Trainee: 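My questions will all concern the structure given below.
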Amino acid sequence: MVQQSRSHEQHQQTAFRKAEKKYKRLVQPADLSDVVDFSAIDGSPDKTAGVSRIYLTEDLATPPSLPFEAYRQKRPPAYVLDNHPGLVVIPDALTNEAQRWLARKCLCDCTRPPNRTNLNPFFELPAEPLFALAFPRSATYGQSSAPDCSLMDPEDCAVPGRLKTIRSRAETNSVHAEVTVPKAKFYTQSESPMGLLDRLRWCTLGQQYNWTTKEYDLGTCAFDSDLDSVMKSIAETITQPAVSDNQMQLLASGCEKSAFVSQAGIINYYDQGATMAGHVDKTEENMDAPLISMCIGLSCIYLVGGLTRDTEPTALILRSGDVLAMCGASRLAFHGVPKVLPGTSPAYLAKPAAGINDVGAEGYPEWQHFAAYLETHRINCNARKCS
Ligand SMILES: O=C(O)CCC(=O)C(=O)O
Ligand SMILES: [Fe+2]
């Protein structure tokens, strides 16, 4: 009887759910032979079934406001998947410095109020970055000693009256109140900055996403302008036509070519056991604009499927420095992260001074703390144009 209902359950499982379960269960050293690994393609796309190399026709341009090169190559190899049109991956696109800069953005600047994090409903969060409070000897956090790691001035970040707006909405609307106001039982709960950092799972940028209503209805914060510039430079390049290797024809990515602007974003913080269940990002009114996503720290298995969970997903490895864009049809595709792969953070992130081209390393005296975090975490930072 038990046997029967189990097999019935298995029968009911969608293709996406089956793949999620399979990869979640992976133990290392794992057999990843059925996972697309762009780093192993090495310019020979024909060896990997279902993957086509595309040749970018525009340079990836480092925003002028950044004092370092953001991209390893101006026209790096980029790839599309035959079964998932519109999904573009540029493996290892970001320089070591850009990855360090992004880590600081994600762990310091962006977690500060008025941006919201998963911790907001439970804790009164300080104005200082949790990361700086967790490592209090870090004299450089608030003093912008290096031009590329200065913290966002709270004045720039705060939209006058915004916090007040959120509070008053929360107080007057019972649906929002559940989400935005700490429940009474949590008022007494205190947690150290390190404990809070451990519990950090996401933070929202720009238009603040409400996970309960699935709307951008929690007010708007300024989107970090340098982060927006990087997202824009990627969006502009990948929405240009690209030439396909094996078809030798122009591939339109199916994306809107008008100027991208980061109106909303999510930073996801994954510890080694964390997963993200399959979902579609469809809250944005504008589904023609690309969704741009950058990864740092540990690698992961990323699943991309189709319009329903019944479509067999393709598993990819995403690594530190990889850029992924969901354009055109893939904007409506189910996707998720069933597995973070421990022990895969690149050596250059752990040893900042090791790389000869890594000229910014000495500007990061506190890097050891970021390095330790990235050794056991994956960070994904993504941006969307909503309107
Ligand atoms: O972590 C990732 O790569 C995926 C994140 C994602 O899908 C999301 O934030 O909507
Ligand atoms: Fe998503």
Side-chain angles (χ1 to χ4, degrees), residues 16 19-20 23-24 35-38 79 81 84 86-94 99 102-103 106-107 110-111 115-118 200-212 214-216 223 227 231 234 262-284 286-287 289-309 313-341 344-345 374 377-386:
F16 200 97
E20 279 178 320
Y23 290 109
K24 199 171 176 170
V35 179
V36 176
D37 183 354
F38 298 100
Y79 299 94
L81 302 171
H84 309 278
L87 187 102
V88 179
V89 179
I90 312 179
D92 203 27
L94 301 172
Q99 291 180 49
L102 185 59
C106 294
L107 287 168
C110 293
T111 59
N115 284 344
R116 299 179 61 78
T117 73
N118 61 299
L200 181 65
R201 294 289 173 268
W202 54 260
C203 118
T204 43
L205 316 174
Q207 294 183 28
Q208 301 286 298
Y209 186 68
N210 184 335
W211 302 85
T212 303
K214 296 189 167 45
E215 298 288 347
Y216 289 107
F223 200 104
L227 195 52
M231 297 291 189
I234 297 167
S262 311
Q263 291 172 331
I266 297 175
I267 303 177
N268 298 295
Y269 307 87
Y270 297 82
D271 62 24
Q272 303 188 76
T275 60
M276 180 177 285
H279 65 279
V280 178
D281 296 279
K282 56 181 178 198
T283 300
E284 298 72 31
N286 183 346
M287 295 295 283
L291 188 157
I292 309 292
S293 171
M294 303 189 280
C295 310
I296 37 175
L298 293 174
S299 306
C300 75
I301 306 283
Y302 179 94
L303 293 177
V304 56
L307 293 178
T308 73
R309 288 179 208 271
T314 299
L316 324 173
I317 297 193
L318 292 182
R319 291 192 161 77
S320 196
D322 288 359
V323 165
L324 178 144
M326 300 186 99
C327 304
S330 75
R331 235 359 222 94
L332 281 169
F334 270 89
H335 59 281
V337 176
K339 182 78 184 171
V340 168
L341 300 167
T344 51
S345 193
L374 293 172
H377 291 81
R378 168 176 188 263
I379 302 178
N380 168 261
C381 176
N382 59 64
R384 305 112 194 268
K385 181 171 185 253
C386 302

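In listed order, ligands and their atoms are each counted from 1. Residue indices begin at 1 and follow the sequence shown. Remember, predicted model here, so these are calculated numbers, not experimental data.
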Trainee: Show me which atoms of ligand 1 lie under 4.0 Å from any heavy atom of R384.
Mentor: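 Under 4.0 Å from R384, ligand 1 has these atoms: 8 (C), 9 (O), 10 (O).
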Trainee: Just wondering, do L107 and I267 contact through their side chains at under 4.5 Å, heavy atoms?
Mentor: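 Side chain of I267 against side chain of L107, heavy atoms only: no contact under 4.5 Å found.
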Trainee: Report yes if the side chains of L316 and L81 come closer than 4.5 Å at any heavy-atom pair, otherwise no.
Mentor: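 Side-chain contact under 4.5 Å: yes.
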Trainee: Which residue and atom name correspond to the protein heavy atom nearest atom 9 (O) of ligand 1, and how close is it?
Mentor: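 Checked against all protein heavy atoms, atom 9 (O) of ligand 1 sits closest to N268 ND2, 2.8 Å.
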Trainee: Any N or O on Y302 sitting closer than 3.5 Å to an N or O of ligand 1?
Mentor: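 In fact, backbone or side chain, Y302 has no N or O that close.
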Trainee: Please could you name the atoms of ligand 1 that H335 approaches to less than 4.0 Å, counting only its heavy atoms?
Mentor: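 So the atoms of ligand 1 that pass are 7 (O).
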Trainee: Relative to the ring of W211, is the ring of W202 parallel (under 30°), tilted (30 to 60°) or perpendicular (over 60°)?
Mentor: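 Tilted.
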Trainee: Given 3.5 Å as the limit, does a donor-acceptor pair link the side chain of Q263 with the main chain of C386, or not?
Mentor: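 The answer is yes, because a donor-acceptor pair under 3.5 Å joins these two groups.
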Trainee: Counting distance only, does the side-chain N/O of S320 pair as donor-acceptor with the main-chain N or O of G297 below 3.5 Å?
Mentor: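 Yes, the answer is positive, given that a donor and an acceptor are paired below the 3.5 Å cut-off.
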Trainee: For atom 3 (O) of ligand 1, what is the closest protein heavy atom, and at what distance to 0.1 Å?
Mentor: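 That would be R378 NH2, 2.9 Å.
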Trainee: Please name the atom of H335, restricted to N, O or S, that is closest to the Fe ion (ligand 2).
Mentor: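 H335's closest N, O or S atom to the Fe ion (ligand 2) is named NE2.
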Trainee: Write the atom name of the N, O or S atom in D281 that is nearest the Fe ion (ligand 2).
Mentor: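 It is OD2 of D281.
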Trainee: Do the non-hydrogen side-chain atoms of R319 and D37 ever get within less than 4.5 Å of each other?
Mentor: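 Yes, side chains in contact.
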Trainee: With a 4.0 Å heavy-atom cut-off (strictly under), which part of M326 contacts ligand 1: side chain, backbone, both or neither?
Mentor: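 No part of M326 comes within reach of ligand 1.
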Trainee: Of the listed options (Y209, F334, Y270, W202), which comes nearest to atom 2 (C) of ligand 1 when hydrogens are ignored and any heavy atom counts?
Mentor: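 Shortest heavy-atom distance from atom 2 (C) of ligand 1: Y270.
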Trainee: Please list, in number order, the atoms of ligand 1 under 4.0 Å from a heavy atom of D281.
Mentor: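 Those of ligand 1 that fall under 4.0 Å from D281 are 10 (O).
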Trainee: Work out which heavy atom in C106 is nearest to a heavy atom in T111; give both atom names and the distance.
Mentor: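 C106 and T111 have their closest heavy atoms at O-CG2, 3.3 Å.
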Trainee: Would one find an N or O of N382, backbone or side chain, under 3.5 Å from an N or O of ligand 1?
Mentor: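 In this structure, N382 places an N or O atom under 3.5 Å from an N or O of ligand 1.
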Trainee: Find all atoms of ligand 1 within a distance of less than 4.0 Å from any non-hydrogen atom belonging to H279, and give their numbers and elements.
Mentor: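 Once the distances to H279 are compared, the set is 6 (C), 7 (O), 8 (C), 10 (O).
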Trainee: Measure the distance from atom 6 (C) of ligand 1 to every protein heavy atom, then report the residue, atom name and distance (to 0.1 Å) of the closest one.
Mentor: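 Ranked first by proximity to atom 6 (C) of ligand 1 is M276 SD, 3.4 Å.
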Trainee: Identify the heavy atoms of R331 and A289 that sit nearest to each other, and give their distance.
Mentor: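 Taking every non-hydrogen atom into account, NE-O, 3.4 Å.
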Trainee: Sub-3.5 Å donor-acceptor pair from the side chain of E215 to the main-chain atoms of N210, do we have one?
Mentor: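 A pair under 3.5 Å: no.
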